[in-house]
Amino acid sequence: MEKVSTQDPLHSIILVAKGFYARKDRAHDLEHALRVREWGNKLAQEEGADVSIIELAALLHDIGRSGAVEKTHAESSAGLAVNILQKNGYSQEVIGRVKEAIISHSREAGHEPTTIEAKILYDADKLDFVGAIGLGRLFTMGGVQGWPLVGENSCETFYQERIQGYKEHLFTKTAIKYFEPLLQYMESFWRELQTERLNISLSGYAKSV
Ligand SMILES: [Fe+2]
Ligand SMILES: [Fe+2]
């Protein structure tokens, strides 16, 4: 379980966020938000963006995933984030910029990221869906959704239809640089999985069951 340091300048925001993330969906929990914050920080430093906006947006970007069904999760998260930031005394300017980033971090809401901070939040979120961490999150989601490993509506099809496609939609060069090797790692995992499945069926054991 993640530790929340009292030394962290965003400690009070993290504590509020933690309450929203405390649910069964471990693919979108506080640890995911904390990793997106780290990725966001890294991208902001290399791309030259406002880290303070990205950090707040990263910590709060998925808090509305179990919110009202008539809204997308990005819209629900943005609405909740506005309330939290107002209660914590942030300026209207900061709140507006954080809201804009959160609302456009997912394509389901139909909002395109336009500011550099929104683009970085979008990219940072996708970077947490590749590599070994990405695979872990994918199978965690698959477990919650009841997806089989391969075949129709499976972990493999989610990988092929969503995660592979993120590469074409990243906004920053820095994110593409980090994304590619992590995606290659996932590619090699699925190749190995197919080899193992083939070897099992060639051994004849599967046929005799
Ligand atoms: Fe999200
Ligand atoms: Fe996310």
Side-chain angles (χ1 to χ4, degrees), residues 2 4 10 13-14 16-44 49 51 53-85 97-115 117-145 147 155 158-159 161-172 174-175 178-179 182-183 186:
E2 70 290 325
V4 181
L10 295 179
I13 297 295
I14 296 171
V16 180
K18 192 176 179 182
F20 285 96
Y21 289 123
R23 52 182 181 239
K24 282 185 181 172
D25 178 5
R26 301 301 301 190
H28 299 91
D29 58 4
L30 180 62
E31 289 188 36
H32 163 61
L34 292 171
R35 287 191 302 267
V36 173
R37 177 195 188 185
E38 294 303 324
W39 272 121
N41 228 310
K42 210 176 174 64
L43 299 183
V51 176
I53 300 296
I54 294 165
E55 286 201 310
L56 287 169
L59 290 172
L60 300 171
H61 79 282
D62 273 337
I63 56 174
R65 281 193 79 93
S66 51
V69 288
E70 69 270 17
K71 284 185 180 176
T72 66
H73 86 276
E75 288 165 336
S76 299
S77 302
L80 291 167
V82 167
N83 289 339
I84 293 166
L85 295 174
R97 292 170 72 195
V98 171
K99 181 185 174 189
E100 190 180 345
I102 293 177
I103 218 162
S104 55
H105 88 272
S106 163
R107 299 188 93 81
E108 67 176 350
H111 304 280
E112 278 291 309
T114 53
T115 64
E117 287 76 24
K119 288 174 183 175
I120 285 178
L121 177 67
Y122 181 96
D123 287 359
D125 188 40
K126 307 309 167 282
L127 279 163
D128 201 46
F129 235 144
V130 278
I133 288 173
L135 282 171
R137 292 187 65 219
L138 172 59
F139 297 129
T140 300
M141 258 180 85
V144 174
Q145 302 288 338
W147 296 336
C155 294
F158 186 89
Y159 168 72
E161 290 163 14
R162 293 284 290 275
I163 298 175
Q164 274 184 334
Y166 289 151
K167 194 182 158 191
E168 310 306 320
H169 298 293
L170 294 173
F171 291 93
T172 64
T174 312
Y178 290 117
F179 192 91
L182 293 170
L183 187 71
M186 287 181 109

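As the structure lists them, so they are numbered: ligands from 1, and atoms in each ligand from 1.
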* To do: Everything protein-side that's N, O or S and under 2.8 Å from the Fe ion (ligand 2): list it, residue and atom.
  => His32 NE2, His61 NE2, Asp62 OD2, Asp125 OD1
* Residues in salt bridge (charged side-chain N to carboxylate O under 4.0 Å, His left out) with Arg35, at least two apart? -> Asp128
* Structure fact -> Sorted by chain and number, sequence neighbours left out, salt bridge (charged side-chain N to carboxylate O under 4.0 Å, His left out) with Arg162 holds for none
* If you take all heavy atoms of Glu108 and Thr72, which pair is closest and at what distance? -> O-CG2, 3.7 Å
* salt bridge (charged side-chain N to carboxylate O under 4.0 Å, His left out) with Glu112: which residues, sequence neighbours excluded? -> Arg107
* Answer yes if the ring centres of His28 and His61 are under 6.0 angstrom apart, and no otherwise. => no
* **Presence of salt bridge, Asp29 and Arg26, under 4.0 angstrom** => yes
